2 protein chains.
Amino acid sequence: MPRNVAFNEEQAIQYAMEVFWEKGYNGTSLRDLTDAMKINSSSLYNTIGDKQELFVRCIRHYTELRNKDLQRRIKSNASPLQILIQYINDAVTLITSKANSCMAVKTAFEVANKDVRIKEILKLDGENTYRFLCLLINSAIRQKEISDTENPELLADYLMSMLTGWYESYIVHKDADKIRNMAQYFIHQLSK
Amino acid sequence: MPRNVAFNEEQAIQYAMEVFWEKGYNGTSLRDLTDAMKINSSSLYNTIGDKQELFVRCIRHYTELRNKDLQRRIKSNASPLQILIQYINDAVTLITSKANSCMAVKTAFEVANKDVRIKEILKLDGENTYRFLCLLINSAIRQKEISDTENPELLADYLMSMLTGWYESYIVHKDADKIRNMAQYFIHQLSK
DNA sequence: CACATTCTGAATCATTTGTTTCAAAATGCG
DNA sequence: CGCATTTTGAAACAAATGATTCAGAATGTG
């Protein structure tokens, strides 16, 4: 009976995500968003909701993209340690090539303390990466690529913290070698 | 001849810093600030300047406080490794006790990419901590508290990145043991 | 086709934003 | 004291903010 929604919602969310990603939640205005999404604010409020709701949809979208990336990596037929090393190296490339940082990390520091919904999404996302890493490390230990004296859970937490720190380091110092050296050292420690 | 400034400027900066620290730059309004500082906005614009200038003064104040803390630690008559371990343990306590995170880290992610002045202050602050850590690690190596096979500069970068990551981890997971375990592991690796 | 229903666009809303104005109050110096 | 000078407080500014309104356009179903 009715008229259908004219705009591609996922595409619009993608556009909105990019703006939030760059400017942060508080730094982004409704005009910024509707401009990027190429829709009118009435359409936004009609289909998605207010700014907060849109933001929730955006980080959810972001974490889904990350999740798909991890799934893809797991399916690789490289060895566990190789997958792990590839993951770290890709992270380093990402950190040191794009000016913008990781949206999950930025959001954690900007709004996670005030918005429980956001915090919960980020928590699930973190646990997801955690499981991904634990899985790989455990497999690598079983295949004797990593020493069985290592603690997989600790190592996973360790790496995740390190990655976050690398983002900040690169924002402030813009020193790619710094990051590469740390990554190389971490991989070296891992591989013996 | 003239009337004197009535309010304590350093006290006012301290108040403003606390608000910025909690709410971030974009999340803080001029009213938030003048309320906390207990001054009128005309006084603010008369003595300090606009919001940006005030923010610069605030992180500058923040990094000065940090600097003083490092100076104090250096003067301790404990051994280099002991000072280092104390520093890490204090950081862990700070991270896992206060709800709010480190202002320098939050600011790096929120505004450092857009504001060169801010980025420069944070960079100097980072280099300061870096020197502090390198000094301690080098001394510890000379006193044979740390193996001379370690790379001091790398270790310093490593620790700084880790600390940043711990802040994010605690915001998202609120798991103090996670942080404590990582710290313990790091200290353990250091001490042999 | 025709109609009921939904979506869209432009305009507009009330607040809030960062900032400024200016008269009145305060203060040091002669 | 009295004047010149500066700070203060309340009010107000224009612009931007998040959000809503509503007439008209669009569309699937009968």
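Quantities reported herein were computed from a predicted structural model and do not represent experimental measurements. Here is the naming used below: chain letters follow the sequence lines, and residue numbers restart at 1 for every chain.
Across the interface with DNA chain D, nearest-nucleotide mapping of Q52(A) and K38(B) shows K38(B) to be the residue nearer the 5′ end.
N100(A) and K106(A) form a side-chain donor-acceptor contact under 3.5 Å, judged by distance and modelled atom types alone. Side-chain contact of S79(A) with E145(A): a donor-acceptor pair under 3.5 Å is present, judged by distance alone.
Between F109(A) and the choices Y167(B), F109(B), Y170(B), the ring pair (Phe, Tyr, Trp, His ring centres under 6.0 Å) rule is met once, by F109(B).
An OP1 or OP2 oxygen of dA16(D) is reached within less than 4.0 angstrom by no side-chain nitrogen or oxygen of S29(A). Between Y45(B) and dT20(C) there is no side-chain polar atom (N or O) within less than 4.0 angstrom of OP1 or OP2.
For Y62(B) and F20(B), the ring centers sit 6.0 Å or farther from each other.
One interatomic measurement links the two molecules: CZ of F55(B) to P of dG18(C), which rounds to 13 Å at whole-angstrom precision. The separation between D50(A) atom CG and dA14(C) atom P is 20 Å, rounded to whole Å. D35(B) has its CG atom 13 Å from the P atom of dT16(C), to the nearest Å. With rounding to whole Å, K51(A) atom NZ is found 15 Å from dT16(C) atom P. Note: CZ (F20(A)) to C1' (dG18(D)) measures 11 Å, nearest angstrom. The CG atom of L33(B) sits 14 Å away from the C1' atom of dT16(C) (whole-angstrom rounding). Atom CG of D32(A) and atom C1' of dT17(C) are 15 Å apart (whole Å). For the pair I39(A) CD1 and dT20(D) C1', the computed distance is 15 Å after rounding to whole Å.
For a distance-only test at 3.5 Å, the side chain of S42(B) fails to qualify as a donor-acceptor partner of the base of dT7(D). Between the side chain of T47(B) and the base of dT7(D) there is no donor-acceptor pair of N/O atoms closer than 3.5 Å.
Taking the side chain of R31(A) as heavy atoms from C-beta on, and the options dT7(D), dT19(C), dT12(C), the nearest nucleotide is dT12(C). The side chain of N46(A) lies closest to dC7(C) when the candidates are dC7(C), dT19(C), dT7(D). Checking dT8(D), dA19(D), dA10(C) against the side-chain heavy atoms of N40(A) singles out dA10(C) as nearest.
For K114(B) and Y25(B), the positive end is not near the middle of the six-membered ring at less than 6.0 Å and at most 45° from its axis.
Within 4.0 Å (heavy atoms only), T34(A) reaches no atom of the nucleic acid at all.
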